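The chains referred to below are lettered A, B, ... by the order of the sequence lines, with proteins before strands, and numbering in each begins at 1. Just so it is clear, the structure is predicted and the values come from calculations on it, not from any experiment.
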There are 2 protein chains.
Amino acid sequence: MIKPDIVFVANLAGVSPATVSRVMNHPDLVHPATRKKVELAIEKSGYIRNRAAQAMHGKRSATIGLVVPTVANTIFAEVVQAFNDTVSEQGFTLLLASHGYDLDAEYRLVRKLLEHRVDALAVVGLDHSAGTFRLIAEQRVPLLALWNYLPDSALPCIGVDNREAGRMAAEHLIALGHRRIGMVFPTTFDNDRARDRKTAATAVFRAAGIVLQDRWQVEVPYSIAQAKAACLELLAGKDRPSALLCANDVIAQGAIYAAARLGIAIPASLSVIGIGDFAGSAQMEPALTTVRIPAQKLGATAGREIITMIGKSDPNYMVHSRIELELIMRSSTAIAVELSESIV
Amino acid sequence: MIKPDIVFVANLAGVSPATVSRVMNHPDLVHPATRKKVELAIEKSGYIRNRAAQAMHGKRSATIGLVVPTVANTIFAEVVQAFNDTVSEQGFTLLLASHGYDLDAEYRLVRKLLEHRVDALAVVGLDHSAGTFRLIAEQRVPLLALWNYLPDSALPCIGVDNREAGRMAAEHLIALGHRRIGMVFPTTFDNDRARDRKTAATAVFRAAGIVLQDRWQVEVPYSIAQAKAACLELLAGKDRPSALLCANDVIAQGAIYAAARLGIAIPASLSVIGIGDFAGSAQMEPALTTVRIPAQKLGATAGREIITMIGKSDPNYMVHSRIELELIMRSSTAIAVELSESIV
DNA sequence: GAATTTAATGAAAACAGTTGCAAGACTGTT
DNA sequence: AACAGTCTTGCAACTGTTTTCATTAAATTC
């Protein structure tokens with residue numbers, strides 16, 4: 001038995017292929033009775049339309065490409081999920097690619113996605129190789145930058161202002177009276193999220209006259225294990241900071257576990273703040289104080305936005321959408337030890 | 001400036017479209033000198049081949065469909081990542097779909113993926129609607145079940161034996177002398193993973209003459225928050241179990257936080273075991289004892305396997321691959337309180 | 001009841017490639 | 001130098017659908 005195509009269905013229904021096509025794409029153009037017949041024939045033959053053939057016609061491929069650094073870390077998983085749910089509801093399918101924080105790999109992936117003629121492309125962050133940008137511009141595919149918001153970015157973007165996130169976290173620690181501050185961040189080389197957070201936080205501290213001790217600044221990759229290991233070292237000696245500003249909740253989680261292992265009481269003798277508010281951060285003991293990035297909302301909004309972008313024919317359509325951050329005070333931060341002692 | 005197609009490239013290189021096509025698909029059939037010319041023309045014109053047109057020819061679409069319940073929970077994220085990495089290396093692109101544990105939604109998603117003429121499909125678990133199976137059989141698309149291993153399943157599968165996972169966890173608790181045992185599981189209705197684990201564990205306990213108290217068996221969805229909430233209730237009174245067998249590490253994490261909140265010492269007065277060994281489980285304080293499911297390996301092996309399936313023309317090609325489980329003893333389990341007291 | 005719209009359908013030309021076939025260009029042999 | 005055999009390459013048919021245009025049937029108007 002051969003796989004039924006549109007001609008097969010047409011014969012079965014006693015109509016022309018054109019009509020079958022119309023039933024699927026412009027049902028209102030065909031007479032209800034005929035439509036019924038055709039729908040029956042589709043049902044009966046087990047016909048599944050061929051999107052590839054449809055896409056060939058310059059029509060929508062009904063796919064959206066999403067390129068993320070990784071999907072394994074909770075951070076992006078939630079956004080991917082929400083994004084997927086949203087576009088899926090509108091009939092789009094997600095083509096997923098992940099490059100493991102390697103911008104050259106990203107170029108190749110974007111190329112591959114363009115071969116599949118995705119209707120639009122979403123990427124994480126605003127840092128991308130020139131080649132990637134050229135490629136996308138040439139193909140005139142709508143491109144949306146996720147995760148990061150910059151009011152004046154050349155790219156349409158929708159996300160949070162990472163500078164503000166850094167600022168909020170820093171200000172919270174300052175407000176609590178901390179001056180001996182450590183920062184735990186991933187490499188900021190080609191990661192604009194981390195970079196923005198770090199520079200903003202640093203600026204706030206500097207403005208407050210706080211000197212950031214080099215020995216309390218560490219660089220760790222994106223993993224609980226490595227964050228914990230690094231913090232174990234950082235917190236081992238007597239001479240340790242009173243507060244840790246972590247680039248994100250994953251790292252903060254590592255920091256908290258390190259403290260637990262060392263018997264350092266949080267928040268009594270060490271404050272830890274993260275950024276992100278990932279699943280589980282609220283449930284930790286102690287519950288993590290953090291700057292919430294509403295992943296759900298971000299992904300969903302991005303999904304909606306990219307679909308409007310596909311709708312517009314204007315290739316220069318711009319959008320800069322800022323998702324609000326929120327400081328979530330929980331139990332991992334408290335008034336600085338020195339200060340609290342002097343108060344007592 | 002118009003988007004270059006294969007004809008454009010052909011003219012630029014001074015050859016026929018057929019030759020350009022061959023350069024891309026059967027490079028060995030064309031003279032090295034011509035090949036160079038064509039490659040240059042491709043480069044120069046910024047040509048990006050159209051996979052849709054290629055797929056129309058009954059050729060590979062170079063895509064693989066992956067259907068998961070959700071990508072937001074760490075559990076699947078790691079597998080998705082490894083799977084994607086592996087198939088991506090071989091030139092395939094992943095079409096991702098998630099159904100949120102709804103098998104009817106799954107049917108629709110599978111249909112959508114088939115419309116895109118994926119070269120193969122991977123799904124999670126062995127429980128699927130009859131419609132889904134029919135659909136896939138009709139289309140003769142290779143189908144691989146991930147995550148779950150059953151030696152006699154009708155579907156090619158690659159994963160772990162969840163019954164064994166349940167058994168191992170149960171036996172570990174028994175070996176430690178626990179008899180007052182609670183189980184925290186998600187709904188087992190249409191989730192074969194959870195069901196297999198639970199029934200196997202239950203059987204082991206029964207065989208050991210242990211009576212499972214109804215009041216210590218709880219059903220919670222897949223979330224740290226809800227697991228924690230449920231366990232807070234379960235562990236509140238005096239009359240509580242000495243050990244908790246959790247369906248997975250996410251739930252176990254919730255259980256551990258609940259205990260921490262209630263001031264119950266782990267493992268001194270409560271043992272907790274999970275299943276999965278997700279990222280972070282090793283770093284928790286106390287570190288979680290668990291049955292490791294090597295997600296990385298599972299995803300990668302599945303990726304390799306599905307590609308061989310695509311290679312074979314035999315639609316009945318079968319594979320049942322079992323990924324080994326391993327009990328990882330860490331600090332969240334210890335000898336049962338009653339027993340340890342009597343020993344002292 | 002004829003003339004004019006309007007609605008419903010079909011025929012055929014795209015779309016962007018791939019491939020079987022055949023012809024022309026080489027190579028090596030006698 | 002003629003012949004057979006092998007390499008390269010182009011022609012043209014084909015893939016499954018959509019869409020424009022034309023045609024016919026039905027509905028509306030006068």
Identify all pairs in which a protein N or O lies below 3.5 Å from an N or O of nucleotides 22-27 of chain D, and state each distance.
none

Are any side-chain N or O atoms of A:Thr132 and backbone N or O atoms of A:His128, one a donor and one an acceptor, separated by less than 3.5 Å? no
If only atom types and distance count, is the side chain of A:Arg117 paired as donor or acceptor with the main-chain N or O of B:Arg49 below 3.5 Å? yes
Starting at CZ of B:Arg60 and ending at C1' of C:dG17, how long is that distance when rounded to a whole Å? 17 Å
Checking B:Ser45 side chain against B:Ala41 main chain: does a donor-acceptor pair fall under 3.5 Å? yes
Any carboxylate oxygen within less than 4.0 angstrom of a Lys/Arg side-chain nitrogen, looking at B:Arg193 and B:Asp127? no
Return a single string for nucleotides 5-18 of chain D, one symbol per nucleotide in 5' to 3' order, where B is base contact, S is sugar-phosphate-only contact and - is none, cutoff 4.0 angstrom on heavy atoms. ---SBBB--BBBBB
B:Leu40: which residues meet the side-chain contact (heavy atoms from CB on, under 4.5 Å) condition with it, sequence neighbours left out? B:Lys44
Could you measure the distance from the CZ atom of A:Arg108 to the NE2 atom of A:His99? Nearest 0.5 Å is fine. 11.0 Å
Indicate yes or no for a side-chain donor-acceptor contact from A:Thr301 to the backbone of A:Lys297 under 3.5 Å, with no hydrogens or angles considered. yes
Test salt bridge (Lys or Arg N to Asp or Glu O under 4.0 Å) on B:Arg134 and B:Glu138; report intermediate values, then the result. CA-CA 6 Å; B:Arg134 187 173 39 71; B:Glu138 278 173 8; 3.7 Å; yes
